[in-house]
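Let me begin by presenting the structure, written as structure tokens, before commenting on it.
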Amino acid sequence: MKLQDKKILLTGATGATGGIGKEVALALANQGAKLVLVARRLAQLEDMRASLPNSECHHVLALDLTQPHDLESLSEHCRACIDDQCIDIVINNAGYNQFDLLSRRSAQSVSQEVQLNLTVPILLTQSALQWINRPGLILNVGSTLAGIGYPGYSAYCAAKSGLYRFSEALNRELDGSGIKVLYLAPRTTDTSLNSEYVRLMNQQLGNHCDDASLVAQHFVQVLQKEVEVRWIGWPEKLFVRINQLLPNVVSNTIRKQQETIHHFIRSMHKNV
Ligand SMILES: NC(=O)c1ccc[n+]([C@@H]2O[C@H](COP(=O)([O-])OP(=O)(O)OC[C@H]3O[C@@H](n4cnc5c(N)ncnc54)[C@H](OP(=O)(O)O)[C@@H]3O)[C@@H](O)[C@H]2O)c1
């Protein structure tokens, strides 16, 4: 889809350092898109909007998407066709995770993580079916961890892999309707989502870490070419395949990393 003059709803549009949404907003604005930017903090959203090219063409909405009332307000805004133009593309990018052992986490934090990463995009997508333009695109942002169950991220892996299957199923359900549902899975990206412990652990394990601006270029390509599924980065996309076919091979590799993973989880708790 050409992005020039398209109205795009982007959730999770800010970020303290980096922030995938922040870079995506800039990349889309550079393509001439008109944006509706959503996150919880209004001041950051306003700064973000002011920094974009053609800032007067973009809107901001400060909403907590885990609150049913806020999610309903967002749907109402979109149904009302902001500035008389309905939404052409929805990007479900808002997400969160907490690196820790499941046994050490509160039930509430697990539940919120699943809600923001899985339930919210499903419900916003369901609502979008009533108001999105046709042709229209819905892009769900996943993670490499949707394809590889990884220690310290069990609830996040569950939510992002659920989002992957949801996107696949709905895309097939909507075949021929004019709406496509796409799934883009970044690997580790340098944003404030990852704590200092996670950064150090990734460094020690030799895991790649992408710049958010590079990830944003993938968003643009996936939307322009309407790519149904994209896993970003080698060798991660290969591991995702191997994990499907030969999960024991991946389990053996991760077993060798266990000591390092547990070391960082222990250090994290010592310093709380
Ligand atoms: N960074 C990575 O390593 C990585 C890797 C793979 C996939 N991803 C995925 O990429 C997406 C973006 O991640 P990121 O790294 O850019 O994270 P980030 O820097 O922490 O940004 C998260 C964004 O979501 C917003 N947000 C959080 N909770 C929200 C809520 N309840 N309601 C509305 N907005 C909310 C935040 O703004 P407010 O705090 O103002 O609400 C912020 O704009 C997520 O889906 C994440 O799972 C990230």
Side-chain angles (χ1 to χ4, degrees), residues 9-27 35-49 60-74 90-99 108-109 111-124 139-148 150 152-153 155-164 167 183-199 201-203 205 207-216 218-219 222 230-233 236-237 240:
L9 171 66
L10 172 66
T11 71
T14 57
T17 29
I20 292 174
K22 201 171 170 180
E23 295 295 335
V24 170
L26 180 60
L35 306 173
V36 181
L37 306 167
V38 178
R40 287 168 300 182
R41 285 166 291 182
L42 182 60
Q44 287 205 2
L45 282 167
E46 290 288 12
D47 288 350
M48 174 77 220
R49 188 179 71 85
V60 301
L61 294 169
L63 298 166
D64 181 346
L65 296 171
T66 61
Q67 298 300 316
H69 177 265
D70 282 12
L71 196 54
E72 185 48 39
S73 301
L74 177 57
V90 174
I91 305 179
N92 279 306
N93 171 67
Y96 165 77
N97 68 40
Q98 191 182 325
F99 171 63
Q108 195 194 8
S109 84
S111 162
Q112 279 175 353
E113 192 171 297
V114 174
Q115 193 185 359
L116 185 62
N117 291 296
L118 179 61
T119 313
V120 164
I122 289 178
L123 293 179
L124 186 55
L139 172 58
N140 290 324
V141 180
S143 165
T144 298
L145 298 182
I148 303 172
Y150 202 79
Y153 287 108
Y156 184 67
C157 291
K160 291 295 192 186
S161 60
L163 188 60
Y164 171 61
S167 308
Y183 185 84
L184 175 62
R187 61 181 173 182
T188 304
T189 307
D190 187 15
T191 73
S192 53
L193 180 69
N194 300 311
S195 68
E196 199 47 36
Y197 292 99
V198 171
R199 281 163 205 253
M201 181 183 75
N202 280 329
Q203 267 174 22
L205 292 173
N207 292 338
H208 296 92
C209 184
D210 286 326
D211 198 84
S213 58
L214 182 132
V215 176
H218 284 278
F219 277 69
V222 159
R230 178 175 290 186
W231 303 87
I232 298 177
E236 287 78 0
K237 65 171 80 173
V240 168

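When reading the values below, keep in mind they use all heavy atoms of this one structure, side chains included, and skip hydrogens, waters and symmetry mates. For the single chain, residues carry numbers from 1 onward in sequence order. Whatever order the structure lists them in is the order used to number ligands and atoms, beginning at 1. Predicted, not measured: the structure shown is a model, and the values here were computed from it.
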Task: Pairing residues for E23 by the salt bridge (Lys or Arg N to Asp or Glu O under 4.0 Å) criterion, not counting sequence neighbours - done: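 For E23 there are no salt bridge (Lys or Arg N to Asp or Glu O under 4.0 Å) partners, ignoring immediate neighbours.
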TODO: Any chance you could measure K22, atom NZ, to L10, atom CG, to the nearest 0.5 Å?
DONE: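 Interatomic distance, K22 NZ to L10 CG, rounded to 0.5 Å: 13.0 Å.
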Open item on the list: Rounded to the nearest 0.5 Å, what separates atom CG in L71 from atom CG in L63?
Closed with: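 Between L71 CG and L63 CG, I get 8.5 Å after rounding to 0.5 Å.
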Taking both backbone and side-chain atoms of [X], is any N or O found less than 3.5 Å from an N or O belonging to ligand 1?
{"X": "T144", "value": "no"}
{"X": "Q44", "value": "no"}
{"X": "G19", "value": "no"}
{"X": "K160", "value": "yes"}
{"X": "D64", "value": "yes"}

How about [X] and [Y]: do any of their side-chain heavy atoms sit closer than 4.5 Å?
{"X": "M48", "Y": "V60", "result": "no"}
{"X": "R230", "Y": "F219", "result": "no"}
{"X": "L9", "Y": "L124", "result": "yes"}
{"X": "Y153", "Y": "K160", "result": "no"}
{"X": "L163", "Y": "N117", "result": "no"}
{"X": "L74", "Y": "V38", "result": "yes"}

Under 4.0 Å from a heavy atom of [X]: which atoms of ligand 1 are those, numbered in the order shown and with their elements?
{"X": "L65", "value": "30 (C), 31 (N), 32 (N), 33 (C)"}
{"X": "T188", "value": "3 (O)"}
{"X": "S143", "value": "6 (C), 7 (C)"}
{"X": "T66", "value": "31 (N)"}
{"X": "Y156", "value": "7 (C), 8 (N), 9 (C), 46 (C), 47 (O)"}
{"X": "N194", "value": "1 (N), 2 (C), 3 (O)"}
{"X": "R187", "value": "5 (C), 6 (C)"}

Sub-4.0 Å heavy-atom contact, [X] with ligand 1:
{"X": "A185", "result": "no"}
{"X": "Q67", "result": "no"}
{"X": "V141", "result": "yes"}
{"X": "L63", "result": "yes"}

Side chain, backbone, both or neither: which applies to [X] and ligand 1 if a contact is any heavy-atom pair less than 4.0 Å apart?
{"X": "D190", "result": "neither"}
{"X": "A13", "result": "backbone"}
{"X": "L116", "result": "side chain"}
{"X": "T189", "result": "both"}

TODO: With atom 35 (C) of ligand 1 as the reference point, say which of Q115, R40, R199 has the nearest heavy atom.
DONE: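 The option holding the nearest heavy atom is R40.
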- [ ] Name all residues meeting the ring-ring contact (aromatic ring centres under 6.0 Å, His included) criterion together with Y150; count only those two or more places apart in sequence or in a different chain, and write none if there are none.
- [x]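 Applying ring-ring contact (aromatic ring centres under 6.0 Å, His included) to Y150 gives none.
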Open item on the list: Would the distance check show the side chain of D190 and the main-chain N or O of D210 forming a donor-acceptor pair, the cut-off being under 3.5 Å?
Closed with: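 Judged by distance alone, no pair lies under 3.5 Å.
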Task: Any donor-acceptor N/O pair, N140 side chain to N92 backbone, under 3.5 Å - done: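 No: the side chain of N140 does not pair with the backbone of N92.
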Open item on the list: Checking side-chain polar atoms at under 3.5 Å, does N207 have a donor or acceptor matched by the opposite partner on T188?
Closed with: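 The criterion, which ignores hydrogens and geometry beyond distance, is not satisfied for T188 and N207.
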